[in-house]
Engineer: 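Dropping a structure here in structure tokens format, bear with me for questions.
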Amino acid sequence: MVIAIKDVICIKGKMVTCGSRILEHFESPYDATVIQRLNRADGIIIGQTNMDEFAMGSSTENCAYGVVLNPIDETRVPGGSSGGSAVAVAAGMAWTALGSDTGGSIRQPAAFCGIVGLKPTYGRVSRYGLVAFASSFDQIGPFGGCVSDVARVLKVIAGHDPCDSTSAQVPVPDYVKSLTGDVSGLRIGLPKEYYTEALDREINDAIMKKVDVLRLHGAIVKEVSLPYTEYTIAAYYILTTAEASSNLARYDGARYGRRAKGAKDVIELYTRSRSEGFGDEVKRRIMLGTYVLSAGYYEAYYRKGQKVRRLIKEDFDKAFQDVDCLITPTSPTTAFKIGEKVDDPLTMYLSDIYTVSANLAGIPGISIPCGKDHQGLPIGLQILGKQFDEETILRVADFLESDER
Ligand code: GLN
């Protein structure tokens with residue numbers, strides 16, 4: 001299998017830039033665990049793909065090396081942050097690709113480019129060698145042109161790794177075997193907070209059509225409630241910026257990548273290396289994260305964010321007592337125009353509304369193609385599952401895919 005790798009995953013002897021000037025000439029001294037596993041399985045790693053700087057963004061516009069174009073309409077973004085990996089697969093440059101997903105960065109670009117993208121359960125895939133954005137949210141996952149390709153790659157990269165203490169000691173099933181084509185008796189939940197007036201009509205209708213197909217084949221469809229949905233974006237951006245500000249402290253001009261020239265003392269070296277090396281969005285998040293972690297505001301923001309995260313997780317635990325998986329839109333819109341949201345960070349953040357909850361709760365999610373809108377742009381359907389139950393969401397995804405064909 002010819003595989004492309006997001007430029008945030010370490011490959012020995014290759015430059016790993018994370019879309020940032022600060023790592024412009026950084027060469028990785030080792031292979032990430034996922035790379036070792038792909039190599040062992042005879043995967044052919046063909047190249048590295050462009051992304052939003054340090055995986056912060058939803059469009060690849062926050063990249064120091066330029067924006068990725070959506071192959072379906074080159075005036076539009078491919079989604080982000082793993083936009084390059086999605087395009088590599090959508091444009092036929094690679095068979096599959098790896099991305100990373102902290103709040104939707106695999107699922108949303110998969111939706112915008114009309115392909116399949118899976119974010120595994122937190123802990124399912126080793127993060128050893130994945131450059132950290134928000135360590136308690138980040139997870140590596142595959143893109144593919146079809147569900148079975150994604151299932152095959154997951155089988156290779158998943159499983160416990162002694163080099164990542166957060167990787168789980170949970171057996172890895174044969175995901176391809178779980179694609180049985182049978183959905184009868186399966187209980188499927190539709191979270192009512194996700195299907196509001198704010199959701200684009202065409203997206204809503206496209207998803208409901210698929211839900212009808214499931215019903216027709218014996219699935220039991222129920223409405224469920226995730227009452228804390230309205231706090232997901234706020235909790236996500238407080239907690240991930242906090243973690244990012246801490247993770248990105250290591251880029252000081254002394255140890256990695258870019259070093260400012262002619263600095264007179266160490267403080268100037270740090271300040272200038274970071275000011276020159278990081279882009280605007282990364283700086284914005286470091287400032288936000290530093291603020292929410294500061295002594296005076298820690299209780300009001302960071303601690304509260306942690307509590308809300310727990311409540312969001314409990315929403316899902318409750319929902320999964322009644323259903324086996326949830327079906328939602330992947331994104332509130334189809335691919336937007338390059339430049340449309342880049343000057344308005346808050347609008348950009350709101351485009352993650354349907355994806356961030358899976359990372360807050362640590363559950364798996366997959367986005368699959370679900371028809372097109374009136375402009376011919378792909379619509380994404382998201383399936384969310386219980387922790388470590390990638391099998392069910394892959395099964396439903398595969399079933400719906402055969403219906404799409
Ligand atoms: N768009 C989200 C953000 O900007 C998600 C990014 C991601 O999943 N890496 O944080």
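Order of appearance sets the numbers: ligands from 1, and atoms from 1 within every ligand.
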Engineer: Taking all non-hydrogen atoms of both residues, which atom of V16 and which atom of I9 are closest, and how far apart?
Structural biologist: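 Distance-wise, the nearest heavy atoms are CG2-O, 4.0 Å.
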Engineer: Counting from 1, what ligand 1 atoms have a heavy atom of D101 closer than 4.0 Å?
Structural biologist: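 Counting atoms of ligand 1 from 1, those under 4.0 Å from D101 are 8 (O).
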Engineer: Within the structure, is a non-hydrogen atom of F137 found at a distance of less than 4.0 Å from ligand 1?
Structural biologist: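 The answer is no, since F137 has no heavy atom less than 4.0 Å from ligand 1.
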Engineer: When you measure from the heavy atoms of Y237 to every atom of ligand 1, does any distance fall below 4.0 Å?
Structural biologist: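 The answer is yes, since Y237 has a heavy atom less than 4.0 Å from ligand 1.
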Engineer: Where is the nearest protein heavy atom to atom 5 (C) of ligand 1: which residue, which atom, and how far?
Structural biologist: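 Here the nearest protein heavy atom works out to Y236 OH, 3.3 Å.
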Engineer: Considering only heavy atoms, does R285 approach ligand 1 within less than 4.0 Å through its side chain, its backbone, both, or neither?
Structural biologist: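 Contact part for R285 vs ligand 1: side chain (C-beta onward).
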Engineer: Among side-chain atoms of S357 and Y194, is any donor-acceptor pair under 3.5 angstrom?
Structural biologist: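 Yes.
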Engineer: Flag M56 as yes when one of its N or O atoms lies below 3.5 Å from any N or O atom of ligand 1, and as no otherwise.
Structural biologist: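 No, since none of the N or O atoms of M56 sits under 3.5 Å from an N or O of ligand 1.
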Engineer: Could you say whether the N/O atoms of G103 and ligand 1 ever approach to under 3.5 Å?
Structural biologist: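 So ligand 1 has an N or O lying under 3.5 Å from an N or O of G103.
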Engineer: Tell me whether Y256 contacts the main-chain N or O of R250 through its side chain, where contact means a donor paired with an acceptor under 3.5 Å.
Structural biologist: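 Checking the backbone N and O of R250 against the side chain of Y256, no donor-acceptor pair under 3.5 Å is found.
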Engineer: Tell me the closest heavy-atom pair linking S100 and V8, and the distance in Å.
Structural biologist: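 So the minimum-distance heavy-atom pair works out to OG-CG1, 3.8 Å.
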Engineer: Run the contact test for D352 against ligand 1 with a 4.0 Å cut-off on heavy atoms, strictly below, and give the result.
Structural biologist: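 It does, in that a heavy atom of D352 comes within the 4.0 Å cut-off of ligand 1.
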Engineer: With the threshold set at 4.0 Å, does a side-chain nitrogen-carboxylate oxygen contact exist between K313 and D317?
Structural biologist: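 Salt bridge flag = yes for D317 with K313.
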Engineer: Are E391 and R395 close enough for a salt bridge, meaning some N to O gap below 4.0 Å?
Structural biologist: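 No, this pair does not count.
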Engineer: Does the pair K341/D344 count as a salt bridge with the N-to-O cut at 4.0 Å?
Structural biologist: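 Looking at K341 and D344, the cut-off is not met.
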Engineer: List every atom of ligand 1 that sits less than 4.0 Å from any heavy atom of S81, numbering the atoms from 1 in the order shown and giving each element.
Structural biologist: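 Result: 9 (N).
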Engineer: Passes side chain to side chain contact (heavy atoms under 4.5 Å, CB included), E202 versus H374? Steps please.
Structural biologist: CA-CA 8 Å; E202 279 185 294; H374 66 281; 2.8 Å; yes
Engineer: Ion pair present between K386 and D389, side-chain N to carboxylate O less than 4.0 angstrom?
Structural biologist: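 No, this pair does not count.
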Engineer: Pick one of side chain, backbone, both or neither for how A55 approaches ligand 1, counting any non-hydrogen atom pair under 4.0 Å.
Structural biologist: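 Under 4.0 Å from ligand 1, A55 contributes backbone and side-chain atoms.
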Engineer: What do we get for T102 next to ligand 1 when only non-hydrogen atoms under 4.0 Å count, side chain, backbone, both or neither?
Structural biologist: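 The answer is both.
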Engineer: Considering only the protein, which heavy-atom contact is closest to atom 6 (C) of ligand 1, and what is its distance?
Structural biologist: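 Going atom by atom, the protein heavy atom closest to atom 6 (C) of ligand 1 ends up being S105 OG, 2.8 Å.
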Engineer: Against the six-membered ring of F278, is R285 placed for a cation-pi contact (under 6.0 Å from the centre, within 45° of the normal)?
Structural biologist: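 Judged by the rule (NZ or CZ under 6.0 Å from the ring centre, within 45° of its axis), R285 is not positioned above F278.
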Engineer: Under 3.5 Å between any N/O of K6 and any N/O of ligand 1: does that happen in this structure?
Structural biologist: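 N/O-N/O distance below 3.5 Å does not exist for this pair.
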Engineer: Using a 4.0 Å heavy-atom cut-off, say whether F133 meets ligand 1 through its side chain, its backbone, both or neither.
Structural biologist: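 Under 4.0 Å from ligand 1, F133 contributes side-chain atoms alone.
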Engineer: Give yes if a backbone or side-chain nitrogen or oxygen of G57 is under 3.5 Å from a nitrogen or oxygen of ligand 1, and no if not.
Structural biologist: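 Yes: some nitrogen or oxygen of G57 is under 3.5 Å from one in ligand 1.
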Engineer: Is the shortest N/O to N/O distance between S100 and ligand 1 below 3.5 Å?
Structural biologist: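 Between S100 and ligand 1, no N or O pair is found under 3.5 Å apart.
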